Amino acid sequence: MSTTSTNKALARVLKSPGGHWVGDGFPVRSLFNYMEHAQELSPFLLLDYGGPAEFPPTDERLGVGPHPHRGFETVTIVFAGEVEHRDSSGAGGRIGPGDVQWMTAGRGVVHEEFHGRDFAKRGGAFEMAQLWVNLPRKDKLTTPRYQEIQGAQIGSVARSGARVRVIAGELDGVRGPALTFSPLNVWDIRVERAGPLELPSPSGHTAALVVLAGELQVGGAKVNEAQVARFERGGDGVRVEASAGAHLLFLGGEPLDEPVVGRGPFVMNTESEIWQAIADFQAGRMGRLD
Ligand code: MN
């Protein structure tokens, strides 16, 4: 079945440094971040895995209030619960299980991120991931864009014992709905039967498997929950053994291989662009939320 001829070797396993809270709504583990991993995982900058956690019913707004971003995209994938977003470009929405919000900060937005109001009142299981995708230098100051992608728009593919939802990129002729600025693949994978899982990834591309639940065996190495298997760029696919019930994200793409200088919510190419971002935000040039 597979057309893979040379598998990418495992480069290393990234281990989660432990958890922290984003605002009062998002208990996350940062599985990688741009301070340490921007070059090896280019074009991906950061992944926060939120939950799984149980929230009691509340009338409070749980989450994080207005804050800016510039120079990249935030991709929020909800697995359980609801996330509400509102930004200074006028975009906003509420997404639930299976849905994805792909927000291009570009030249700058101010946004807020909260639990959905109805979900907060009900309470219950909450689980999500937020991925930061870098923009090529030429697109860092692009016009902000908000793509709300409903779960029903996301096609899926059966591979060995797994179901692969194609959020971005293409697999076995199924194209993901997300528009991206560089060639990349973001796939949400549920493993039903334990066994080998093979995925294509062009030679030269970054490739990583994020383990949200369950475990992988790659060569002789074991990759546990909240860890990331990062592969070498050479070779045209990855092959792992996945446990039954494993929940994975595959991240692949053409590396940008440009300088990454980041500070908090801004990720640019140079130090002076960071100072410009801070000045623009402070002067209100990224807009405001009323
Ligand atoms: Mn944000």
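It should be emphasised that the depicted structure is a prediction, and the values quoted were computed from it without experimental measurement.
No donor-acceptor distance shorter than 3.5 angstrom exists from the side chain of Asn185 to the backbone of Leu251, with no hydrogens or angles considered. Judged purely by atom type and a 3.5 angstrom limit, Asp236 uses its side chain to pair as donor or acceptor with the backbone of Thr6. The main-chain N or O of Val83 is never found under 3.5 Å from a side-chain atom of Arg94 such that the two would form a donor-acceptor pair. Between the side chain of Ser42 and the main chain of Leu256, a donor-acceptor pair closer than 3.5 Å is present. Between the side chain of Asn33 and the backbone N or O of Glu36 there is at least one donor-acceptor pair closer than 3.5 Å. No donor-acceptor distance shorter than 3.5 angstrom exists from the side chain of Gln101 to the backbone of His85, with no hydrogens or angles considered. No donor-acceptor pair closer than 3.5 Å links the side chain of Lys8 to the backbone N or O of Arg230. Panel note: side chain Ser156, backbone Arg163; no donor-acceptor pair is recorded below 3.5 Å. Checking side-chain atoms of Thr180 against main-chain N and O of Ser182 turns up a donor-acceptor pair under 3.5 Å. Between the Arg159 side chain and the Leu197 main chain, no donor and acceptor come within less than 3.5 Å of each other.
Remark: Trp275 CH2 is loosely packed, at most 12 non-hydrogen atoms of other residues, nucleotides or ligands lying under 6.0 Å away. Residue Glu60 qualifies as open at atom CD: its count of foreign heavy atoms under 6.0 Å is 12 or below. No more than 12 heavy atoms of other residues, nucleotides or ligands sit less than 6.0 Å from atom CZ of Arg193. Atom CZ of Arg117 is surrounded by 12 or fewer heavy atoms from other residues, nucleotides or ligands within 6.0 Å. In the displayed structure, Arg263 atom CZ is contacted under 6.0 Å by at most 12 heavy atoms of other residues, nucleotides or ligands.
For residues 253-262, the set of pairs meeting the side-chain hydrogen bond (donor to acceptor under 3.5 Å, both in side chains) definition, not counting sequence neighbours, comprises Arg233-Asp257. Residue pairs meeting the ring-ring contact (aromatic ring centres under 6.0 Å, His included) criterion with at least one member in residues 180-225, sequence neighbours excluded: Trp187-Phe250. Applying the ring-ring contact (aromatic ring centres under 6.0 Å, His included) test to residues at least two apart or on different chains, none of the pairs has a partner in residues 224-243. Every pair passing side-chain hydrogen bond (donor to acceptor under 3.5 Å, both in side chains) that includes a residue from residues 45-55 is listed here, sequence neighbours excluded: Ser30-Asp48, Tyr49-Glu127.
Considering all non-hydrogen atoms of both residues, Ser243 and Val191 come closest at O-CG1, 3.3 Å. Among all heavy-atom pairs drawn from Phe55 and Pro27, the shortest one is CZ-CD, 3.9 Å. Closest of all the heavy-atom pairs between Asn269 and Pro259 is ND2-O, 2.8 Å. Nearest heavy-atom pair, Ile95 versus Val100, reported as atom, atom and distance to 0.1 Å: CD1-C, 4.0 Å. Minimum heavy-atom separation, Phe126 to Glu82: CE1-O, 3.7 Å. Considering every non-hydrogen atom in both Pro265 and Pro68, the closest pair reads CB-O, 2.9 Å.
Linking Ile, Leu, Val, Met, Phe, Trp and Tyr residues whenever their side-chain heavy atoms come within less than 4.5 Å places Trp21 and Val78 in a single cluster. Under the 4.5 Å side-chain heavy-atom criterion for ILVMFWY residues, a single connected hydrophobic cluster contains both Leu248 and Val174. Hydrophobic clustering (side-chain heavy atoms under 4.5 Å, transitive across Ile, Leu, Val, Met, Phe, Trp, Tyr) keeps Val164 apart from Leu249. Under a hydrophobic-cluster definition in which Ile, Leu, Val, Met, Phe, Trp and Tyr are linked whenever side-chain heavy atoms come within less than 4.5 Å, directly or via other members, Leu46 and Val260 are assigned to the same cluster.
Taking a cutoff of 4.0 Å between a charged side-chain nitrogen and a carboxylate oxygen, Arg175 and Glu170 do not qualify as a salt bridge. Salt bridge absent: Lys140 and Glu273 never bring a charged side-chain N and a carboxylate O closer than 4.0 Å.
In this structure, the separation between CD on Gln276 and CD on Glu271 is 13.0 Å, given to the nearest 0.5 Å. Distance check: Met103 CE to Glu148 CD gives 13.5 Å after rounding to the nearest 0.5 Å. Distance CG/Asp87 to CE/Met286: 13.0 Å, rounded to 0.5 Å. Annotation: the span from Thr58 atom OG1 to His115 atom NE2 amounts to 10.0 Å, rounded to 0.5 Å. Glu232 contributes atom CD, which lies 11.0 Å from atom OG1 of Thr206 (distance to the nearest 0.5 angstrom). A distance of 10.5 Å separates CG in Asp139 from CG in Asn134, rounded to the nearest 0.5 Å.
Residues Arg239 and Pro196 form a side-chain contact, since some pair of their non-hydrogen atoms from C-beta on lies under 4.5 Å apart. In this structure, Val110 and Arg288 have side chains that are not in contact, with every pair of non-hydrogen atoms separated by 4.5 Å or more. Using a 4.5 Å heavy-atom cutoff, the side chains of Leu141 and Met268 are in contact. The shortest side-chain heavy-atom distance between Arg70 and Asp280 falls under the 4.5 Å cut-off. Considering only heavy atoms from C-beta on, Asp99 stays 4.5 Å or farther from Gln153 through its side chain. Side-chain contact between Leu179 and Trp102 is absent, with no heavy-atom pair separated by less than 4.5 Å. Residues Phe79 and His247 form a side-chain contact, since some pair of their non-hydrogen atoms from C-beta on lies under 4.5 Å apart.
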Identify all side-chain donor-acceptor contacts of residues 207-223 below 3.5 Å with residues at least two apart in sequence or on another chain.
none

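A donor-acceptor contact under 3.5 angstrom links the side chains of Glu113 and His67, judged on distance only.
Residues passing the ring pair (Phe, Tyr, Trp, His ring centres under 6.0 Å) test with Phe72 are His69, Trp132, sequence neighbours excluded.
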